Structure formats: C-alpha cells, structure tokens
Amino acid sequence: TDGNYKGQAASLLPGTYRTMTEAGGFPNKALSSLQLPAGFRVVLYENENFGGKSYTITESKTGFSISGWNDRTSSIAVYRN
C-alpha cells in the first residue's frame with residue numbers, strides 16, 4: 001500500500017482479479033509499489049472488472065507517482081510472459 005514496497009502486501013499468482021478484494025484482500029485504490037519477478041507482466045486497471053484506463057508493468061516499481069498511477073488500481077491482471 002506504500003511506496004518502496006512498504007505497508008500491506010499481497011502475493012498473486014498469474015490470473016485476473018476483478019476487484020482488489022479478490023487480489024488477496026488488498027484495499028481498493030491503495031496500490032503504491034509493485035515487485036514483479038522476471039518473466040511476468042501486470043496490467044493495472046483504474047476500475048473494477050478491468051474497466052477504465054489501464055497501465056502495463058513489466059518490471060518492479062518502487063512507486064507510481066511519476067506515472068500517475070499511485071492509489072488508482074481497482075482491478076489487476078497478472079500474466080506470465
């Protein structure tokens with residue numbers, strides 16, 4: 001929930017999560033950093049059920065303030081490349 005991988009965390013398997021609750025009980029619109037192993041990509045969506053704008057991530061991010069995605073994520077998809 002916080003930058004630099006601090007605060008509440010959840011580990012996700014590849015798959016799609018229509019809400020952040022489905023994503024390990026993670027709070028809605030609270031994602032602020034993301035650790036991503038090599039060979040994976042994540043697509044963040046601003047609305048539940050994969051709606052609204054999306055942002056694809058292919059490497060770990062210590063924060064989302066530059067991209068404008070801090071505390072915006074409401075659904076998420078995790079893919080193995």
Side-chain angles (χ1 to χ4, degrees):
T1 55
D2 299 326
N4 294 313
Y5 317 122
K6 296 181 181 178
Q8 183 177 340
S11 295
L12 302 177
L13 295 172
T16 54
Y17 303 88
R18 296 176 298 129
T19 66
M20 296 310 285
T21 300
E22 286 183 0
F26 202 81
N28 189 44
K29 299 204 181 275
L31 186 65
S32 295
S33 57
L34 182 85
Q35 286 185 315
L36 188 62
F40 287 82
R41 68 183 160 91
V42 169
V43 182
L44 309 177
Y45 297 88
E46 69 178 342
N47 298 328
E48 292 183 352
N49 296 309
F50 318 108
K53 293 182 181 180
S54 65
Y55 178 51
T56 300
I57 297 171
T58 57
E59 61 186 13
S60 294
K61 300 284 185 186
T62 58
F64 293 122
S65 58
I66 293 173
S67 65
W69 273 84
N70 192 55
D71 296 339
R72 275 182 69 185
T73 303
S74 291
S75 55
I76 188 168
V78 180
Y79 301 101
R80 184 181 301 241
N81 290 336

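Here the structure is a predicted model, which means the values were calculated and not measured. Numbering starts at 1 and runs along the sequence shown.
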(message) Working to the nearest 0.5 angstrom, can you tell me the gap between N47 CG and T19 OG1?
(response) 12.5 Å
(message) Hydrophobic cluster membership, with links at side-chain heavy-atom distances under 4.5 Å among I/L/V/M/F/W/Y: are L36 and L13 in one?
(response) yes
(request) Over all heavy atoms of both residues, which pair between S75 and M20 is shortest? Give the atoms and the distance, please. (result) N-SD, 4.0 Å
(request) Keeping to residues at least two apart or across chains, list the ring pair (Phe, Tyr, Trp, His ring centres under 6.0 Å) pairs with something in residues 43-70. (result) Y45-F50, Y55-W69
(message) For residues 8-43, which residue pairs pass the ring pair (Phe, Tyr, Trp, His ring centres under 6.0 Å) check, not counting sequence neighbours?
(response) none
(message) Once rounded to the nearest 0.5 Å, what's the spacing between atom OG of S60 and atom CG of L34?
(response) 6.5 Å
(request) Could you check D71, T1, T73 and say which one makes a side-chain contact (heavy atoms from CB on, under 4.5 Å) with S32? (result) D71
(request) Taking all heavy atoms of E46 and all of K53, pick out the closest pair and write down the distance. (result) OE2-N, 2.9 Å
(request) Measure the spacing between CD of Q35 and CD1 of I57 and express it to the nearest 0.5 Å. (result) 12.5 Å
(message) Donor-acceptor pair, distance only, cut-off 3.5 Å: does the side chain of S33 make one with the backbone of K61?
(response) no
(request) Please examine the side chains of K29 and S74, heavy atoms only from C-beta on, and report whether any two atoms are closer than 4.5 Å. (result) yes
(message) Are the side chains of V43 and R41 in contact, using a 4.5 Å heavy-atom criterion?
(response) yes
(request) Of all the heavy-atom pairs spanning A77 and T16, show the shortest one and how long it is. (result) CB-CG2, 3.9 Å
